[in-house]
Amino acid sequence: MHIVPSFLALSAALLAPAVAAAQQVDTPDTETEASEGSAIVVTGSRGQPRTVASSPTPIDVIGGEDIARLGGALQLRDVLTQLVPSFQAQQVGSSSFDSVARPAGLRGLSGVHVLVLVNGKRRHNSALINLNSGNVSAGANPVDLDQIPASAIERIEVLRDGAAAQYGSDAIAGVINIILKSNATGGTASIEAGQRYGDGVNGSDGETVSAQLSQGFALGDRGALALSIDGKYQNATVRNSDVTGAFYFPVNGQPDPREATVNRRTYQGGLPQLRQIQGALNGNYDLGNVEAYAVATLGYREARVGQAGRKPNTTSDIIAIYPDGFTPFYTLHETDGQFTGGLRGTIGGWKLDLSSTYGRDYARSGAENSLNASLGASSPTTFDTFSAAFDQWTNNLDLTRSYAVLGGRNLQVSLGAEYRYERYVTKALDPAAYVNGGYVYPAGTPLARQPGAVGAQGAIIVTPADAADIARNIWAGYADLALDVTDRLLVTGAVRYETYDDSAGDVWSGKVSARYKVADWLNLRGAFSNGFRAPSLAQQAYAQTSTQFNLVNGAYQLIESKIVRTGSPIAAALGAAPLRPEKSRNYSLGFALTPLAGLSVTVDAYQIDIDDRITLTGLLSSTGVRAILRANGFSGDQYVRFFTNAIDTRTRGLDIVGAYNLGLGSLGRLRTTLGYNHNVTNIRSIAATPAQLSGLGLTLFDRQTQGYFTVGTPKDKLILGLDWNLDRIGINVKQTRYGKWASLNNTPSSDQFYGAKWITDVELGYDVTRAARVAVGAYNLFDTYPDKNTVANTIGSSIYGSNSPFGAYGGYYYARLSLRY
């Protein structure tokens with residue numbers, strides 16, 4: 001479905017009158033020397049809005065201008081990576097789901113430990129699960145930030161502190177609140193194009209074209225409606241190498257002559273080919289005593305992700321179909337939408353907000369250029385393998401008012417109730433994708449009497465036995481208080497009760513925080529809270545089978561990997577237990593400085609303890625495991641994983657955020673920024689190996705899997721930014737240093753270590769008029785790559801560290817035209 005070219009044509013038509021208008025509009029310069037700390041925020045405070053500096057907990061504010069500059073080529077999670085030091089998204093390639101809905105998190109934790117709000121309302125989770133085992137998000141299905149159009153965003157507030165008592169499950173690492181545009185007039189538009197350069201081995205690729213349009217409309221004199229639409233086409237980016245070893249069977253004891261000319265670049269893993277279109281609306285209308293509001297987003301996305309090639313001399317291929325082997329591609333068609341409607345007003349001195357939000361993410365997975373070898377020459381080459389859907393319906397009643405107490409001191413009282421319904425469904429689709437056709441290679445051939453591999457190659461497969469349909473209801477109530485004890489001391493407290501009608505049960509959480517104003521330019525702050533995260537429905541119900549290359553005993557092997565449902569007979573036979581909620585304790589202490597006009601600095605230290613953390617086990621395989629598998633009707637050649645409350649972790653870190661805005665007279669204006677995060681995670685304890693496995697010489701949570709949490713991401717990240725503007729010219733330069741990281745293996749000799757790297761981003765912009773701007777720039781200007789892998793690469797994959805925090809794909813260079821009118 002080629003939706004983006006038509007979208008771009010429509011955008012061009014829409015942009016035409018705007019370009020003409022841009023030649024006449026003369027927008028005044030509204031820049032000020034205001035401190036970053038004076039920005040008003042609503043996240044973390046349900047009553048009176050506070051500034052960043054006066055908030056009792058750390059909050060980052062990302063303005064719409066920064067989002068607009070980065071949100072063309074970059075996905076929203078990459079925008080946050082660029083601007084928030086403790087937020088990190090990985091550029092995973094050749095990993096099906098993870099190449100599209102990529103792993104990301106805050107303060108070294110998983111994406112499911114971050115609660116995402118849109119205009120203060122809970123955002124639904126994705127139906128896609130992070131399955132790449134090389135990161136801390138393995139097995140999670142967090143909110144997909146990239147489904148929200150960047151052109152619709154006015155600002156983003158990132159609360160870097162535990163907030164489960166205020167907002168509910170998932171808010172262990174913090175809260176990301178995305179505030180949408182609400183303008184009644186005017187708008188913005190942009191179109192951007194760019195590409196990546198090759199690494200000297202691979203040619204240029206990753207060509208990307210994106211367009212954005214946002215427009216505000218007045219609804220008489222009583223309301224406003226802001227509409228936004230984004231579209232993007234992204235070509236694949238591949239950084240591969242030659243496959244080693246023989247492709248064909250020997251001829252008369254000698255190598256087949258075709259070995260000399262065969263294409264050995266069969267590994268096509270990398271960033272996916274992507275097409276997407278997204279829209280959003282944000283409206284409000286004054287009904288007199290109350291205001292009605294509505295917020296909606298809708299998006300459609302297609303992706304095609306290259307996998308490792310299959311050689312013709314293996315049981316994965318049927319020579320009659322692919323005489324020279326083949327490279328399968330994982331395919332995705334995804335629709336995502338959310339709608340919120342509500343009323344707000346004041347009744348009896350109480351500010352009231354009544355809302356209902358429904359969100360749904362539906363994804364259909366498949367494979368192209370593939371086959372099911374067990375079907376022989378009759379196998380299809382294209383499959384729809386399975387579908388997954390996540391639905392969430394959230395209803396909220398929030399009440400807030402202020403009282404004068406203790407001789408006129410302000411006491412803010414907030415009360416609320418929530419009902420939430422969630423459902424997760426997976427369905428098997430094409431039977432040809434999973435059926436065992438029983439094909440056996442005929443006598444007289446090199447593979448005589450061997451069975452063909454079962455299942456669509458390069459695909460994620462859900463069989464009818466794996467299919468899931470699970471739902472639950474959640475009820476919650478909370479109270480949130482804030483008291484100005486003195487002119488200098490603010491104390492806040494919150495308590496929340498949630499009850500689930502599944503195994504998560506009943507949970508209490510609480511939070512206390514305080515801010516003390518030492519001087520007008522110095523605020524001290526600290527907080528303590530406990531929180532929780534209920535096992536997601538996907539973690540309770542998801543099951544699948546896939547074929548993948550994995551490093552086994554120092555060499556890459558094609559294995560069949562199966563994730564089994566925790567409550568299934570095979571999981572029970574391997575000792576799996578019902579999942580319990582994760583429990584957390586958050587501690588933070590810091591200060592905010594605003595000593596000069598335009599200067600702000602915040603420093604915050606934190607510790608996050610999580611007990612019973614849920615993740616996937618390591619790949620379980622041994623003689624004993626094979627015996628258990630066969631006893632339960634499975635192939636003994638499978639590697640099995642399941643979800644479990646595996647570990648207790650402790651994450652300690654430090655955030656430093658600073659900004660300085662100053663005027664330079666005739667030399668223009670300068671804004672400098674600094675962001676630093678130091679983050680270390682240690683495993684405090686590991687769940688005991690189940691009795692069923694204890695005698696098999698296995699560890700439930702092996703050395704390789706432990707490494708994902710402790711050394712799999714850098715401990716340090718430093719961002720230095722400079723934004724200079726003079727008349728019509730603007731230059732933005734950013735230097736980001738990612739610390740070293742490592743990939744551990746169960747065989748220590750196969751460990752891989754990667755050094756720290758500096759990444760330079762730059763943009764040069766010129767205002768053609770007050771309303772039209774052209775810009776050229778680069779992400780990763782100097783085409784920096786992570787260190788090369790040290791394990792022998794036999795499958796033709798990238799020679800660079802695949803879980804690099806800044807990606808293994810080199811520089812991206814672009815040009816953009818943007819308008820405001």
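In this chain, numbering begins with 1 at the start of the sequence shown.
- When all heavy atoms are compared, the tightest approach of T566 to A576 is O-CB, 3.8 Å.
- A distance-only check finds a donor-acceptor pair linking the side chain of Q706 to the backbone of F701 [under 3.5 Å].
- Side-chain polar atoms of D391 and Y358 form a donor-acceptor pair below 3.5 angstrom.
- Contact record, F532 with S169: CE1-CB, 3.4 Å, taken as the closest heavy-atom pair.
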Working for side chain to side chain contact (heavy atoms under 4.5 Å, CB included), residues L483 and L406: CA-CA 10 Å; L483 174 63; L406 302 176; 4.2 Å; yes
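- For the 3.5 Å distance criterion, the side chains of R613 and S110 fail to qualify, holding no donor opposite an acceptor.
- Y478 and D398 are linked by a side-chain donor-acceptor pair at a separation below 3.5 angstrom, with hydrogens and angles left out of the test.
- Across D612, I614, I610, I686, a single residue satisfies side chain to side chain contact (heavy atoms under 4.5 Å, CB included) together with I647, and that is I686.
- The number of heavy atoms from other shown groups lying within 6.0 Å of CG (D506) is above 12.
- Side-chain contact between L145 and V79 is absent, with no heavy-atom pair separated by less than 4.5 Å.
- Among the candidates V657, L654, L589, the single residue satisfying the side chain to side chain contact (heavy atoms under 4.5 Å, CB included) test with V603 is L654.
- With contacts defined as side-chain heavy-atom distances shorter than 4.5 Å, the pair V84/S86 qualifies.
- Qualifying ring pair (Phe, Tyr, Trp, His ring centres under 6.0 Å) partners for Y403, counting only residues two or more places apart in sequence or in other chains: none.
- With contacts defined as side-chain heavy-atom distances shorter than 4.5 Å, the pair T340/N119 does not qualify.
- With rounding to the nearest 0.5 Å, the separation of CG in L616 from OG1 in T644 is 10.0 Å.
- Judged by distance alone, with hydrogens and angles left aside, the side-chain atoms of N410 form no donor-acceptor pair with the main-chain N or O of S402 at under 3.5 Å.
- With rounding to the nearest 0.5 angstrom, the CG atom of N645 is 4.0 Å from the CZ atom of R580.
- Side-chain contact between R102 and Q90 is absent, with no heavy atoms from C-beta onward closer than 4.5 Å.
- For the pair R155 (side chain) and I179 (backbone), a donor-acceptor distance under 3.5 Å is absent.
- Inspection of the T651 and T681 side chains reveals an N or O donor paired with an N or O acceptor under 3.5 Å.
- At least one side-chain heavy atom of D353 sits less than 4.5 Å from a side-chain heavy atom of K121.
- Minimum heavy-atom separation, P56 to L490: CD-CD2, 4.2 Å.
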Trace of the side chain to side chain contact (heavy atoms under 4.5 Å, CB included) decision for E582 with S584: CA-CA 7 Å; E582 300 177 350; S584 69; over 6 Å; no
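- Side-chain contact between L159 and N177: absent, with no pair of heavy atoms (C-beta onward) separated by less than 4.5 Å.
- The side-chain heavy atoms of R652 and Y587, taken from C-beta on, include no pair separated by under 4.5 Å.
- In this structure, the side chains of Q607 and R650 come closer than 4.5 Å at one or more pairs of heavy atoms.
- Side-chain atoms of D648 do not come within 3.5 Å of backbone N or O of R684 as any donor-acceptor pair.
- Among residues two or more places apart in sequence or in another chain, the salt bridge (charged side-chain N to carboxylate O under 4.0 Å, His left out) test is passed with R585 by D609, D611.
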Chi angles and distances behind the side chain to side chain contact (heavy atoms under 4.5 Å, CB included) call for R360, H124: CA-CA 7 Å; R360 175 178 173 84; H124 65 280; 5.8 Å; no
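- Aromatic ring pairs are classed by plane angle as parallel below 30°, tilted from 30° to 60° and perpendicular above 60°; the pair W475 and Y419 is tilted.
- In the model, Y293 has no side-chain atom that pairs as donor or acceptor with a side-chain atom of N282 under 3.5 Å.
- Between the side chain of N396 and the main chain of S355, no donor-acceptor pair closer than 3.5 Å is present.
- At least one donor-acceptor pair under 3.5 Å links the side chain of Q540 to the backbone N or O of P535.
- Of the possible donor and acceptor atoms, none in the side chain of S126 sits under 3.5 Å from a partner among the backbone N and O of D144.
- Closest approach of L281 and A294 over heavy atoms only: CD1-O, 3.9 Å.
- Distance check: W350 CH2 to T400 OG1 gives 7.5 Å after rounding to the nearest 0.5 Å.
- For T492, the side chain to side chain donor-acceptor pair (under 3.5 Å) test picks out S513, with sequence neighbours left out.
- Using the six-membered ring where Trp is involved, F390 and Y424 have ring planes that are tilted, between 30° and 60° apart.
- In this structure a side-chain-to-backbone donor-acceptor pair under 3.5 Å is present from K717 to F87.
- When every heavy atom of A471 is checked against every heavy atom of Y421, the shortest pair comes out as CB-OH, 3.6 Å.
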Verdict with reasoning, D146 to R77, per salt bridge (Lys or Arg N to Asp or Glu O under 4.0 Å): CA-CA 6 Å; D146 299 339; R77 71 191 70 204; 2.7 Å; yes
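- For R409 and D487, the salt-bridge test passes: some basic side-chain N is under 4.0 Å from an acidic carboxylate O.
- Residues R123 and D336 are paired through a salt bridge, judged by an N-O separation under 4.0 Å between the basic side chain and the carboxylate.
- If you take CZ on F528 and OG on S588, they are separated by 10.5 Å, rounding to the nearest 0.5 Å.
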Side chain to side chain contact (heavy atoms under 4.5 Å, CB included) between L76 and I156, intermediate numbers included: CA-CA 11 Å; L76 185 55; I156 300 175; 3.8 Å; yes
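- Remark: side-chain polar atoms of N586 are not paired, donor with acceptor, to backbone N or O of I608 under 3.5 angstrom.
- In this structure, T705 OG1 and I683 CD1 are separated by 9.0 Å, a value rounded to the nearest 0.5 Å.
- Between the side chains of N141 and N125, no donor-acceptor pair is found at a separation under 3.5 Å.
- How far CD1 of I347 is from CG of L399: 8.5 Å, rounded to the nearest 0.5 Å.
- Cation-pi check for R107 over Y606 is met; the charged atom lies under 6.0 angstrom from the ring centroid and within 45 degrees of its normal.
- Summarising the geometry of S529 relative to G162, their closest heavy-atom pair is OG-O, 3.8 Å, with the distance given to 0.1 Å.
- Residues N395 and S356 have side chains that bring a donor and an acceptor to within less than 3.5 angstrom of each other.
- No donor-acceptor pair closer than 3.5 Å links the side chain of N523 to the backbone N or O of G590.
- Atom NZ of K734 is surrounded by more than 12 heavy atoms from other residues, nucleotides or ligands within 6.0 Å.
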